[in-house]
Amino acid sequence: MEFARVENEKLNIGPDDILVVSHLKKYFPIAKDFFGRPTRYLRAVDDVSFKVKRGKTIGIVGESGCGKTTMGRSILRLHDITGGRVIYDGQDVTMLRSKEMRNLRTQMQIIFQDPYSSLSPRMPVGHIIGEAVMVHKLVKKSEYRDYVIEIMRKCGLQPHHFDRYPHEFSGGQRQRICIARALALKPKLVICDEPVSALDVSIQAQVINLLEDLQKEMGLTYVFISHDLSVVEHISNEVGVMYLGNLVEKASRDDLFSNPMHPYTEALFSAVPVPDPNIKMNRILLKGDIPSPANPPKGCKFHTRCPKCMDVCREVVPKLLDYGNEHFVACHLYPQDVKNTLIIDEKEAVNEVYSDDVKSEIIT
Amino acid sequence: MSDIDKKPQEDSMANEISQREVVNQGKAVQNASTSTDVKSEAKPNKAKKDKSGYISGKESRSISKENNRITRMYEKRKNRKNVPESEYVTQMKDSGNIVEFENLHTYFFTDAGVVKAVNGVSFSIPQGSTVGVVGESGCGKSVTSLSLMQLVQRPQGQIMEGSEIRFKSTIYKEDEKGSQIPIWETDAAGNVRQSQKLDKKGNPILGADGNPIMENVQKRDHNDIPMYETEERVYNIAKMPINKMRKVRGREISMIFQEPMTSLNPVFRIGHQIDEVILLHMPGATKKSAKNRTYEMLRLVGIIPEIVYSKYPHELSGGMRQRVIIAMSLACDPKLIIADEPTTALDVTIQAQILELLRNVKDKISGSIMLITHDLGVIAEMADFVVVMYAGKIIEIGTAKEIFDNPHHPYTIGLQKSKPVVNKRVDRLYSIPGSVPNPIGMPDHCHFAGRCDKKIGACQGPYPGYTQISPTHKVACHLYLNNKDNSGNND
């Protein structure tokens, strides 16, 4: 554990930081050579760093294909990551052995996007919720049923739902089951991967309120992944904006929504339709589509669609810099002399942890 | 149901169904109560299971037997040959409208009972405007649009007797032989221009006397597609035979579906698929002129046609595919475009592009759009008129301004409050309790009563009629039935 401690000092983790993600990378091999060695990679998540404080919510927004979901799954080690570090409560998740990881899993849970495909159709709801409780032996067998029913009640399900099957429930109700399943283990960190996208508006509000209530009651920390800006604004304390595997902007909610700095964030905000016919939005229309992450553009990845593109953007990758008040932006538009507090320390970058097969590719 | 019963119909179909309703009523009520309603869940476990909406084999058989009888009757009527035109040609009530729905009932005869997906819907789409239909999933908004296209899944889905969908159609004029009448090109003096008749190689054909044969020159548009004379006729789509309907679909009413991947054929090139529409619906179009028109349409939606024309759908991104679909739907200058959740599967930045495109395109072709979505933001941005649907009925209808600034129905109000808005912060979202009731065997009282927070005693009574708030704004709610004087005020 000596090793881990040294690493922690380097990242300067505060006592409140429950989750620290540092230079997280996840590359998927998409082409192999004659010997089966990967030759090309799809860079789903390419260098993402952030910290989350205990009991707070960080919202991650971005278009489809920008790597939000991959990032969420990598944090839970549902994917083996290519590079970087994920530190949960002082422990480096990526270094743990599978047995240690299994113990840690009770503390980190995930709620998936689609409540229709993420519940086993052959299991009654009570067992879906309680299966992990049984596996991890959190409660005695005699108390098992009461425990599960208590969790169900908290999530707005009735005791008699215990023996029913998922197909008997509506979408909102199923999402409640998913939430109950995640919370049955009394986790501290919950990754919410688009939990309300598949739901109707009126049901969405119910689920969001439920998530908020549970956070207050159980002191949960959320990583809330969504493409819906209005939902993220409502629920988050901090918001990160992702584009093609990179974090392009990160700030506190109030800061980000009142003063978006990155051109992509501006465009994203202006694209959200407002339910008020009297407001005519000054819309920034982005041209074209999101490029393929298998073949990302050189320089700033956003330069192909950026309305404020400069020459330097085509060549140099901008760094994520702090422009005061913990407002991080990766864009060449902003003055260079604010570079005083770099999130990327040059010395640290040398020590980045890579798995072996990718290392050679990156050096070459 | 009551709507149908009031109307004396030529057959007793509606009455029969209502009788059957009564028989199934007991079951239906239980059915509704089990449908995951958070509130009504205090009953003991065991008793619930037995009566919990599962239908015994015997009942199920009797239901399907009955369904078969009804659907077969409708199918028989539909499959008649040579239906006289007088049956489905009608008159518009207001000539400014392009479509008028009146008392539309579309039912699905399922093995669990009759699903009244659309239950007495009346509204109209004025020419050149955008009408937004908004509601949660399962409220019947898509079935309304499918009824207009006569694309409801038959035989179990049927547009019931007494429903009217009047559509102002522009058809090609036909002479006695049933062929279209060409428009001839005229010179300045008004005389029909003539030219030499040519054979396939381009040489003039000579007549018996040695002089070249002259023929009238048909007027062609800039894509070299010949033009024919047209006339207006109003059809009742609910009763139209299938072969006539095929001439309306795609040519005068076209549809943009939610999933751009599933609505394009993966084995044909983009160009081929758009050409097909033009070749099918435009008489006299050749492959070359169809290609010209396809190029024009692709350019209209912001695609470089030279590249995309020979690509397959899988080579395009979601936004591009949706553009292709829009190009295809515009190919025959439709009078009405039905956009069924056109942007739900797309990202916000792409959604903004597509909405912008739809707005521009509407002005260019001077058509109307029926926009179906569950996103209030999209509706506010696009629609002139808004129709709010709940459980198969229209609960509120009005101009976009009226619906958003001065909503009356508790459901409309709740829907707007429950949607978080960027830069408008609330501590806690308003949420409508419960969920949409089971569509089988709906009770006759207001369908929203179970979830409503402004419920009054009258809500258990019969379904409320419409209260006129302003000439364009009406609402179906007991709250406004009696106090018409102060109903103009905001609550």
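FYI, side chains are in, hydrogens and waters are out, and symmetry mates aren't considered; it's all heavy atoms of this structure. Chain naming here is simple, since letters A, B, ... match the order of the sequence lines and numbering starts at 1 in each.
Annotation for A/Val201 and B/His374: closest pair CG2-O, 3.7 Å, computed over non-hydrogen atoms. Shortest non-hydrogen contact noted between B/Pro420 and A/Ser230 is O-CB, 3.0 Å. Smallest separation of non-hydrogen atoms from B/Ala352 and A/Ala271: CB-CB, 3.9 Å. When all heavy atoms of B/Ser418 and A/Ser202 are compared, the pair lying nearest together is OG-CA, 4.1 Å. The nearest pair of heavy atoms linking B/Val426 to A/His234 is O-CE1, 3.4 Å. B/Phe404 and A/Pro275 get closest at one heavy-atom pair: CD2-O, 3.4 Å.
For B/Ala327, the side-chain contact (heavy atoms from CB on, under 4.5 Å) test picks out B/Ile274, B/Met297, B/Leu298, B/Val301, with sequence neighbours left out. Shown here are the side-chain contact (heavy atoms from CB on, under 4.5 Å) partners of B/Lys401, two or more places apart in sequence or in another chain: A/Asn278, B/Thr399, B/Asp405.
With a 4.5 Å cut-off on non-hydrogen atoms, B/Glu356 touches chain A through its side chain but not through its backbone. At a 4.5 Å heavy-atom cutoff, the contact between B/Arg425 and chain A is made by side-chain atoms alone. When heavy atoms are compared at a cutoff of 4.5 Å, B/Tyr411 does not approach chain A at all. Heavy atoms closer than 4.5 Å to chain B are found in the side chain of A/Ile208, but not in its backbone. With a 4.5 angstrom heavy-atom cutoff, B/Gln351 touches chain A only via side-chain atoms. If you measure heavy-atom distances from A/Leu285 to chain B, the contacts under 4.5 Å come from the side chain alone. Both the backbone and the side chain of A/Arg253 come within contact range of chain B, each with at least one heavy atom under 4.5 Å from a heavy atom of that chain. Heavy-atom distances place the side chain of A/Asp228, and not its backbone, under 4.5 Å from chain B.
The distance from atom CG of B/Leu346 to atom NE2 of A/His227, rounded to the nearest 0.5 Å, is 10.0 Å. Here the CG-CD distance, from B/Leu429 to A/Glu212, works out to 6.5 Å after rounding to the nearest 0.5 Å. Interatomic distance, CD of B/Gln353 versus CG of A/Leu286, reported as 7.0 Å (0.5 Å rounding). Atom CD of A/Gln204 and atom CD1 of B/Ile432 lie 12.0 Å apart (nearest 0.5 Å). Atoms CD1 and CD1, from B/Ile350 and A/Ile290 in turn, are 8.0 Å apart once rounded to the nearest 0.5 Å. Distance check, rounded to the nearest 0.5 Å: OG1 of B/Thr349 to CD1 of A/Ile284 gives 12.0 Å.
More than 12 heavy atoms of other residues, nucleotides or ligands sit less than 6.0 Å from atom NZ of A/Lys154.
In summary, of the residues considered (B/Val378, B/Leu376, B/Thr373), a side chain to side chain contact (heavy atoms under 4.5 Å, CB included) with A/Pro273 occurs for B/Val378 alone.
Most heavy-atom pairs under 4.5 Å with chain A: of the set B/Ala383, B/Gly414, B/Gly377, this distinction falls to B/Gly377.
Put simply, the side chain of B/Gln416 never gets that close to the backbone of A/Asp276: no donor and acceptor are under 3.5 Å apart.
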